[in-house]
Amino acid sequence: MSSETPTDLWLERSRLDGMMLGAVSYGGFFILTVQAAAALIQWPRHGRKIADHRLTLLGYILITFVLGTVGFAANAKYTEMIWIDLRDAPGGPVALIENEVAYPINIVAISCYFVMEWCMQALLIHRCCVIWNWARCVIIPMSTIYIAMITMSILVLIQSSAGVIWYNINVQLAYLCIEVGLSVVYTVLVTNRLLVMRGLMRQVMQEQEYSSIYNTSILMVIESAMLYSVCAIIYIVSFALHSNITNLCFLSISHVQGIAQLLIIIRVARGQAITCELSSPVAVVSTCIAFSGTASDAPEGTNTERVARSEQDSVQLHSVDVDFV
């Protein structure tokens, strides 16, 4: 111990503290996973769309939870190996931390977290495409970024399997930037779409109730994105500078991203976000307009019904598009 420098001690402390932060974040991820599954199993009463996708979301929750659990268990086991099982290895804990990707158990952990992030980003892209009504101008760039992210993660795994030191894997930095960029693009697109929908609903309904619902959903998207983005940016900067602060974020970042996704699922399942139910009041208003004509004026009544039907379809399209599923 006396031969270790202050830098070596800081490296060991950061790795151990990072594992403890990872345990805390996993605990939050576990609790929210149980809450999200319970909310979906109880057949959501608010919004038919979320109920239709109940099994899909339950499958997503199960897959991400299993992957996160395996990854966390592998990291916990390697932490034991650093200071207990392999404490007499050449170089001691410092060498084990710096060459962690040389051990298969860490490759398993990294692989699980990568696949977990693929699933979470796929859910983001699905939400964005649904809100934008599957517009090509959104599908193509989002899918391109997603494919690039998967490609980079596979390259990271290949280099990690070759025993390269983690900080020397430059592709990892590119992967992190693409992943954060995808989350930022999603946030901008969804927020912009919701703001436009809020303006259209305000023109048609002239009620503040719907504006407040859209505002709540916009805040939900931004808050979830900020939760992950802040942690990811700290990790990217520290990784680029080869700082030991990376160890404080590395074991928690996937759990934080999972928590952000689960918060949205829970709020939607509990009816605290925009759903298809918003189209019901619009249909009532449109029906009143459709029957505003008189029986003695058939052509005018027909035109009125046509206008009402067109307005109804337009408004319902916008209200359905903002369902978070």
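When only modelled atom types and interatomic distance are considered, Trp118 and Ser153 share a side-chain donor-acceptor pair under 3.5 Å. With no hydrogens or angles considered, a side-chain donor-acceptor pair links His255 and Tyr113 at under 3.5 Å. Side-chain atoms of Thr79 and Arg15 include a donor-acceptor pair closer than 3.5 Å. Under 3.5 Å, the side chains of Thr5 and Asp8 contain a donor-acceptor pair of N or O atoms. Side-chain N/O atoms of Thr69 and Tyr26 include a donor and acceptor closer than 3.5 Å. Remark: the Ser243 side chain and the Ser238 side chain contain no N/O donor-acceptor pair separated by less than 3.5 Å. The closest side-chain donor-acceptor pair between Ser14 and Asn247 falls under 3.5 angstrom.
When side chains are defined from C-beta on, Pro93 does not count as touching Arg87, because their heavy atoms never get closer than 4.5 Å. Counting heavy atoms from C-beta on, the side chains of Tyr186 and Leu182 never come closer than 4.5 Å. A heavy-atom distance below 4.5 Å is found between the side chains of Cys177 and Ile236. Inter-residue side-chain proximity for Ile145 and Ile178 is flagged as met; some heavy-atom pair is nearer than 4.5 Å. For the pair Arg193 and Val138, the minimum side-chain heavy-atom distance is 4.5 Å or more. Residues Val190 and Leu124 fail the side-chain proximity criterion, which asks for heavy atoms closer than 4.5 Å. Here the side chains of Gln261 and Tyr228 are not in contact, with every heavy-atom distance at 4.5 Å or above. Side-chain atoms of Tyr175 and Leu155, non-hydrogen and from C-beta on, never get closer than 4.5 Å to each other.
Asn244 and Thr7 make their closest contact through ND2-O, 4.1 Å (heavy atoms, listed as atom of the first residue, atom of the second, distance). Of all heavy-atom pairs spanning Pro141 and Cys137, the tightest one is CG-O, 3.0 Å. Across every non-hydrogen atom of Phe250 and Ile110, the tightest pair is CZ-CG1, 4.5 Å. For the pair Arg127 and Ile265, the tightest heavy-atom approach, listed with the atom from each and the gap, is NH2-CG1, 4.0 Å. Residues Ala232 and Ile253 approach most closely at CA-CD1, 3.7 Å, considering heavy atoms.
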Without placing hydrogens or testing angles, list every side-chain donor-acceptor pair under 3.5 Å for residues 96-106, not counting sequence neighbours.
residue, atom, partner, partner atom, Å
Asn99, ND2, Ala95, O, 3.3
Asn106, ND2, Glu100, O, 2.5

Side-chain donor/acceptor pairs under 3.5 Å, residues 218-225, sequence neighbours excluded:
residue, atom, partner, partner atom, Å
Ser224, OG, Met220, O, 2.9

**OP:** Show the numbers, then the answer: is there a side chain to side chain contact (heavy atoms under 4.5 Å, CB included) between Leu227 and Ile259?
**Re:** CA-CA 9 Å; Leu227 182 65; Ile259 289 173; 4.0 Å; yes
Original post:
When you look at Leu16 and Glu12, which way does the side chain to side chain contact (heavy atoms under 4.5 Å, CB included) test go after all the steps?
Top reply: CA-CA 6 Å; Leu16 183 59; Glu12 293 186 38; over 6 Å; no
Subject >> Trace of the side chain to side chain contact (heavy atoms under 4.5 Å, CB included) decision for Tyr78 with Asp85 >> reply: CA-CA 9 Å; Tyr78 189 69; Asp85 300 340; over 6 Å; no
Original post:
Under the side chain to side chain contact (heavy atoms under 4.5 Å, CB included) criterion, do Gln257 and Gln121 qualify, and how do the steps go?
Top reply: CA-CA 9 Å; Gln257 187 178 10; Gln121 295 292 356; 2.9 Å; yes
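Heavy atoms of other residues, nucleotides or ligands lying less than 6.0 angstrom from OH of Tyr146 number more than 12. Residue-environment remark: CE (Met226) stays at or below the threshold of 12 foreign heavy atoms within 6.0 Å.
The closest donor-acceptor contact from the side chain of Thr191 to the backbone of Val188 lies at 3.5 Å or more, if one exists at all.
One hydrophobic cluster, built from ILVMFWY side chains closer than 4.5 Å, holds both Ile158 and Ile150.
Phe239 and His242 have perpendicular rings, their planes meeting at more than 60° on a 0 to 90° scale where under 30° would count as parallel.
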